[in-house]
Amino acid sequence: MKGWLLALVQTGLLAFGAPFLAGWVKWIKCRLQSRQGPPPWQPYRDLLRLFGKEVVVAEAASPIFRIAPYVVFSVTALACSVVPMVAIGLPTAAIADVIVLVGFFALGRFFLALAGMDVGTSFGGMGSSREMTIASLAEPAMLLGVFTLAMTVRSTNLASMIGYLIEQPFQLYPSFVFAAMGLVLVAVAETGRIPVDNPATHLELTMVHEAMILEFSGRHLALMEWGAMLKLMIYSVLLCNLFLPWGVAVDFAPLSLLIGLGAITLKLLLLGTALAVAETGLAKMRLFRVPQYLGLAFILCLLGMLSHVILEVN
Amino acid sequence: MPLSLAFTAVGAALLSGLLPLVRPGSNAAARLIAFPLLGISGIFGMIAGGMALGNTQSDSIVLPVGLPWLHSHLQLDPLAGFFLAVVSLVTLVAAIYGPAYVREYEQGPQPLLPLTLFTGLFVAGMQLVLLAADAFSFMIAWELMSVTSYFLVAYQHQHEVNRRAAFIYLLMAQVGGLFILLGYGVLSGFGHGFDFAHMAAATLSPGWSSVAFLLAFVGFGMKAGVVPLHVWLPQAHPVAPSHISALMSGVMLKVAVYGFIRFSYDLLGGIHWQWGALVLFVGSASAILGVLYALMQHDLKRLLAYHSVENIGIIYMGLGLSMIFAGTGHQALAALGLIAALYHCLNHALFKSLLFFGAGVVLQQSHEHDLEKMGGLIRRLPVTATCFLVGCISISALPPFNGFVSEWLTFQTALQGPVLENNILGALIPVAAAVLALTGALAAACFVKVFGICFLGLPRSEKSAAATETTPGPLAGQIVLAVLCLLFGVLPTWTVGQLEHIARLFFPGGMPETTAHGWLWLTPVSSQVASYGAPLVLLGIGLAWVLAWLWMHPRRRRFPVRRAPAWDCGFGPLNARMQYTATAFTMPIRRIFRPVWPITESYRAPTAEEQGGRYQLKIGDWAWLKVYEPIGRLLLTTARRMAMIQGGNIRAYLAYSFFTLIVLLLVVSL
């Protein structure tokens, strides 16, 4: 019972912490570009404002358009509940392993892309086409990276993976280094950040994610935006906890939970800063450079896999 | 008991084909007699199959028919029972779907009679293949299945494409049949008998058993449609009536998979891991090439046919993994791979039939088979669209639907690669898993294209703007399958528990851990390694949905949804031609994977005389260009050379006979 309660609290933390992370990245980015920038809690205000607004739906839109925000949000919210953020050993972690997690994202993306095509605008179709193309290259790279970790720890269960890594004395596996680099590249692509996509742009010819949600407004838009923030949060938490697992609580004692919370907050703030620095320093790529970028991610993950098989299996 | 039920099923299927012959002129009689009997056959077959699946004892009988020295052996064990249930389930749904669907053909030039006759015989043939327990009955039933389906493909023979497709299908079915026959020949030569019991008892040297395996692999692979033996599939499936496409793609390919499993696991036994590596490689190639070719198709049914190639590839990947583990002595993992493959057989039968049924309704109601002319059909055909969406989600392997479970199980099997002592193999297997991931992601892209272009947006032609929803019969058929897709996705533990009976036939240990943690949890290897709580996933999504909905409720009261013209960045009124097309949607993928297809692309700029440019894009199939056309040319040249001896001169023929006689005498005297 205590476990389920904690799982609920942790899901809430992830869900309600996500806008802050998005705001934090934006704030740091603005500071780096010598701008004042909105405060990190600005996304909360934006979401609240959107929730309080009227919904305008295009005349040609079908029911898919109206259920898509709910599907995208509920699937992402469910994904939040299986990601170990503060503590491992929560009962919800067993619902889905990392392959199912990738499946959740794919389901959300499926509906997002359908919603983009629903109204019949060119922008929507363009966004959906690009999103599905990028995703179809990113997904195998991501799974290959995850498989590399899974083969070392002999599990695809996120909680068991992190648990195994905490117990081990610190050891720099070459496969982990490769997989980490590959997964970082994939995470950037999957969450639609520079250099693959630019969350701040509304320039017609470059947008991917924004093109699909162009026709959304009001509470529907809020759910879509929140879903995107959740995705950024989940990927960040995964990267932090898989590759720097220190501090994650292994039992439910109040002190270790507190340490876990502090550790993940610190890690996320650092990762957000790193993301902001990278986004400031890089330019967005042309769409047809993205396959090369994701190809690199795939090769890195493959190298990780091979180095695991060649060097680490005994 | 199960066997007599199965006989009833076969009998009902035969009757459904033959009984309408008594009133040859009447279409209505054909329809009213054939389909109910087909449905009865489906029900009995399902019960028989279900009972046999639970039975540990296999039910067998020897009928005094067939050759004088070889009576017909029939048996029903869990493996045959499972496939019988799958065949019969789809047959039952086709019987619900069919009557209203074939009404359209009554206005056509053909009478309905050939359709119902050959459908009945076709179903009976498939059921008999599963029941056969000796090579002779097997081949008879197999040929019955092949030849009757040829007539079904050629049903609308007034179109030349249909005749050509049917001919290629028949040709390849016959060549495949020959390979299977040779495979059985090897086994019976060593086993001194034509019945399966003798063949299974045969002891073969590794060389001969590999020869037999390869013969069976090619023979059954030709029917199943693995790359590069798949070329008949995208030609034959689109031209058959849709409920027949569903039966052929959803079920007949599974019968080929059954034959392959029966031959290699049961009759041949003693599996070598090298066979598994071959099967895994061919399966991976089929999966990835199938989906890439499917992406480029714009004919709805041809696209679905290429997806059959992909899904057969996924099934073969599961089988390949299972064989690798079986050959290296990892029994539990071999069982897991086999179960993943069988589960995918069931899933593919469900969602592919569903999609073909949906495609049939779309074709019939919009009179378009080109995706580029559809659009906005979700408003015209709401129920069909919903069911089709379920099919799209299932085939794209998205949770919590059924396609995901079997792919997840295949992933889990592949991830156990490191237990192998052979490091290279251990490294290659996860790469196969990456190929599977790529396949799944591309399939999702393809079905976003299909659903988005066909059902969403604005109608791209007047005919699709005028489409109307179909009658209750076809709708009921689709709804049943859609519900089953969800059920088999949410209750995987029960399903895997049932499939374990089959795995125990070949791997007596089974998989003790998989279903050990109650009906909620699926834990293929152990609960530490991986777990999937499918019912909880559905519950979780539902819960999050309800919470979001409740949170929105007061706002919905205050601001009801307002309808307005699309915003589209303020670019002004939309029309249907401004939408993204299927060609445009897949353009980035076409550019990235360019060498995969033979593409000819041409563009002519507008000139003074001709307004508007002209863009042409043709996408072929390398297998056709690089494998079949050379073989065809070689055959033709050889035939032409051989024709030189046919001078038409009687004296020459007499001389041939004379010299042949002398040569024979020489041979005999030596």
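Computed from a predicted model, the values in this text were never measured in an experiment. FYI, side chains are in, hydrogens and waters are out, and symmetry mates aren't considered; it's all heavy atoms of this structure. Per chain, numbering begins at 1; letters A, B, ... match sequence-line order.
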Looking at [options], which one has more heavy-atom pairs under 4.5 Å with chain B than the rest?
options                              : value
A/Ala94, A/Gly103, A/Ser62           : A/Ala94
A/Phe65, A/Tyr164, A/Phe104, A/Phe51 : A/Phe51
A/Ile67, A/Leu114, A/Leu143          : A/Leu114
A/Thr11, A/Val57, A/Val153, A/Leu78  : A/Val57
A/Ala222, A/Ser128, A/Ala77          : A/Ser128
A/Pro69, A/Cys301, A/Ala93, A/Gly125 : A/Gly125

**Report entry** Criterion side chain to side chain contact (heavy atoms under 4.5 Å, CB included) on B/Trp408 and A/Asp97, from CA distance to verdict
**Finding:** CA-CA 10 Å; B/Trp408 187 76; A/Asp97 68 347; 3.0 Å; yes
When [options] are compared by non-hydrogen pairs under 4.5 Å with chain A, the top option:
options                                : result
B/Leu442, B/Val537, B/Thr386           : B/Val537
B/Pro382, B/Cys446, B/Ala414, B/Gly457 : B/Gly457
B/Asp568, B/Leu436, B/Thr523           : B/Asp568
B/Ile589, B/Val546, B/Val561, B/Leu536 : B/Val561

Requested in this report: Determine, stepwise, if the pair B/Phe585 / A/Met126 fulfils side chain to side chain contact (heavy atoms under 4.5 Å, CB included).
Outcome: CA-CA 7 Å; B/Phe585 188 89; A/Met126 191 161 69; over 6 Å; no
Report which part of [X] has an atom under 4.5 Å of a heavy atom belonging to chain B: side chain, backbone, both, or neither.
X        : result
A/Ile95  : both
A/Arg109 : neither
A/Ala61  : both
A/Ile134 : neither

Report task. List the steps and the verdict of side chain to side chain contact (heavy atoms under 4.5 Å, CB included) for B/Leu415 and A/Ile99. Result -> CA-CA 11 Å; B/Leu415 279 180; A/Ile99 304 173; 4.2 Å; yes
Quick one: closest heavy-atom pair of [X] and [Y], and the distance?
X        : Y        : value
A/Ala106 : B/Leu398 : CB-CD2, 3.3 Å
A/Gly52  : B/Arg558 : O-NH2, 3.9 Å
B/Pro418 : A/Arg154 : CB-NH2, 4.1 Å
A/Leu144 : B/Pro430 : CD1-O, 3.9 Å
A/Thr133 : B/Pro588 : OG1-CB, 3.6 Å

Check the surroundings of atom [atom1] in [X]: do more than 12 heavy atoms from other residues, nucleotides or ligands lie under 6.0 Å from it?
X        : atom1 : value
B/Arg379 : CZ    : yes
A/Arg289 : CZ    : no
B/Trp551 : CH2   : no

Taking the side chain as C-beta and beyond, is there a heavy-atom pair between [X] and [Y] under 4.5 Å?
X        : Y        : answer
A/Val56  : B/Trp567 : no
A/Ser129 : B/Thr586 : no
A/Met117 : B/Phe451 : no
B/Ser531 : A/Asn157 : yes
A/Ser122 : B/Gln579 : no
A/Leu223 : B/Met552 : yes
A/Val55  : B/Arg563 : no
A/Phe110 : B/Leu389 : yes

**Report entry** Gap separating the OG atom of A/Ser136 from the CZ atom of B/Phe593, nearest 0.5 angstrom
**Finding:**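 That separation rounds to 6.0 Å.
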Non-hydrogen atoms of chain A under 4.5 Å away: do they reach the side chain of [X], the backbone, both or neither?
X        : value
B/Phe401 : neither
B/Ala584 : backbone
B/Ile378 : side chain
B/Leu438 : both
B/Thr439 : neither
B/Pro560 : backbone
B/Phe404 : side chain
B/Ile453 : both

Query raised in the report: Does a side chain donor of either B/Gln412 or A/Thr156 reach within less than 3.5 Å of an acceptor in the other side chain?
Result: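 On atom types as modelled, these side chains qualify, holding a pair under 3.5 Å.
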Requested in this report: Could you tell me how the ring of A/Tyr70 sits relative to the ring of B/Trp545: parallel (under 30°), tilted (30 to 60°) or perpendicular (over 60°)?
Outcome: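 Correct class here is parallel.
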Query raised in the report: Is A/Glu215 reaching over with its side chain to a backbone N or O of B/Ala566, donor-acceptor style, under 3.5 angstrom?
Result: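 No, the answer is negative, given that no donor and acceptor are paired below the 3.5 Å cut-off.
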**Report entry** Aromatic contact, B/Phe411 with A/Phe147 (centres under 6.0 Å)
**Finding:**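 When the ring centroids of B/Phe411 and A/Phe147 are compared, they turn out to be within the sub-6.0 Å range.
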